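Reviewing the structure listed below.
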Amino acid sequence: MPFMTLAPDGAGAEQFMLSMAAEAIERYVTGEAYQYWTGWLDDGLAGVVALRNGTHLFHLYVARRHHGQGHARQLWDTARAAVPAAQAMTVNASVYAVPMYQHFGFAATGPRVEQHGIAYVPMRLEQNAPGEGA
């Protein structure tokens with residue numbers, strides 16, 4: 001939560017926190033609009049990535065103890081491979097994650113947004129059609 005919410009204790013972000021509750025995640029995982037992939041290490045679940053409607057990067061979370069070890073890149077590569085090469089992708093990036101998404105090729109499409117107790121930057125990745133350069 002501290003990477004998304006404006007207040008460290010999540011005050012004002014109750015709607016966001018409800019969207020991350022187990023019941024909500026279960027609806028996403030079983031919903032037709034979502035595709036989920038998980039990353040596991042010996043000590044359990046290391047991260048998760050999800051697409052909504054095939055082109056919106058909906059979730060990309062890695063357990064804090066695994067940050068900086070390349071796990072987000074592996075999850076990202078899995079999700080990106082599921083999107084047709086010529087299809088653009090979008091993400092509402094936490095301010096914390098903007099540099100990572102820029103490294104993945106995303107560019108901001110607008111200013112930082114603050115609403116409902118969270119902050120994010122809308123971003124887009126233009127993928128290349130087959131045969132074009134990267």
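Residues: numbered from 1 along the sequence shown. Because the structure is a prediction, the values reported are computed rather than measured.
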I'd like to check Q69 versus V62 (side-chain heavy atoms, cut-off strictly below 4.5 Å). Are they in contact?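 Side-chain contact under 4.5 Å: no.
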Residues in side-chain hydrogen bond (donor to acceptor under 3.5 Å, both in side chains) contact with S94, at least two apart in sequence or another chain: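 Testing S94 for side-chain hydrogen bond (donor to acceptor under 3.5 Å, both in side chains), a comparison that skips the adjacent residues, returns none.
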Run the side-chain hydrogen bond (donor to acceptor under 3.5 Å, both in side chains) test against R124 and tell me which residues pass, sequence neighbours left out.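 Per chain and number, R124 pairs via side-chain hydrogen bond (donor to acceptor under 3.5 Å, both in side chains) with E126.
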Which pairs count as salt bridge (charged side-chain N to carboxylate O under 4.0 Å, His left out) when at least one residue sits in [range], sequence neighbours excluded?
range          : result
residues 81-92 : none
residues 66-78 : R73-D77
residues 23-36 : none

R52: what forms a salt bridge (charged side-chain N to carboxylate O under 4.0 Å, His left out) with it, not counting sequence neighbours?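 Salt bridge (charged side-chain N to carboxylate O under 4.0 Å, His left out) list for R52, sorted by chain: empty.
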Apply salt bridge (charged side-chain N to carboxylate O under 4.0 Å, His left out) to D43 and list each qualifying residue two or more places apart in sequence or on a separate chain.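 Salt bridge (charged side-chain N to carboxylate O under 4.0 Å, His left out) check on D43 returns R65.
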Of the non-hydrogen atoms in [X] and [Y], which two are nearest, and what is the gap between them?
X    : Y   : result
L51  : G54 : CD1-O, 3.9 Å
V49  : L57 : CG2-CD1, 3.6 Å
F106 : M89 : CE2-O, 3.8 Å
M17  : G10 : CE-O, 3.2 Å
I25  : M20 : CG1-O, 3.7 Å

Residues in ring pair (Phe, Tyr, Trp, His ring centres under 6.0 Å) with Y34, at least two apart?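 For Y34 the ring pair (Phe, Tyr, Trp, His ring centres under 6.0 Å) partners, ignoring immediate neighbours, are Y28, F58.
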Can you list everything that forms a ring pair (Phe, Tyr, Trp, His ring centres under 6.0 Å) with H56? Sequence neighbours excluded, please.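 Not a single residue meets the ring pair (Phe, Tyr, Trp, His ring centres under 6.0 Å) criterion with H56.
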Side-chain heavy atoms nearer than 4.5 Å, only ILVMFWY residues, links allowed to pass through others: does that put F16 and V98 together?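 Shared cluster, no.
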Just to verify, what does A11 make a side chain to side chain contact (heavy atoms under 4.5 Å, CB included) with, not counting sequence neighbours?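 Applying side chain to side chain contact (heavy atoms under 4.5 Å, CB included) to A11 gives A7, D9.
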Could you list the donor-acceptor pairs under 3.5 angstrom formed between side-chain atoms of residues 112-123 and any protein atom two or more places apart in sequence or on another chain?
| residue | atom | partner | partner atom | Å |
| --- | --- | --- | --- | --- |
| R112 | NE | E114 | OE2 | 2.9 |
| R112 | NH2 | E114 | OE2 | 2.9 |
| Q115 | NE2 | Y120 | OH | 3.4 |

Just verifying a value: how many Å separate W76 CH2 and L60 CG, rounded to the nearest 0.5 Å?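 CG of L60 is found 9.0 Å from CH2 of W76.
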To the nearest 0.5 angstrom, please state how far the NE2 atom of H59 sits from the CH2 atom of W37.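 Reported to 0.5 Å precision, the distance equals 13.5 Å.
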Other residues, nucleotides, ligands: >12 heavy atoms within 6.0 Å of H67 NE2: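 Atom NE2 in H67 is crowded, with more than 12 foreign heavy atoms closer than 6.0 Å.
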Give the other cluster members for L45, using side-chain heavy-atom distances under 4.5 Å between Ile, Leu, Val, Met, Phe, Trp and Tyr residues; answer none if it is isolated.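 Reading the cluster by chain and number, L45 sits alongside W40.
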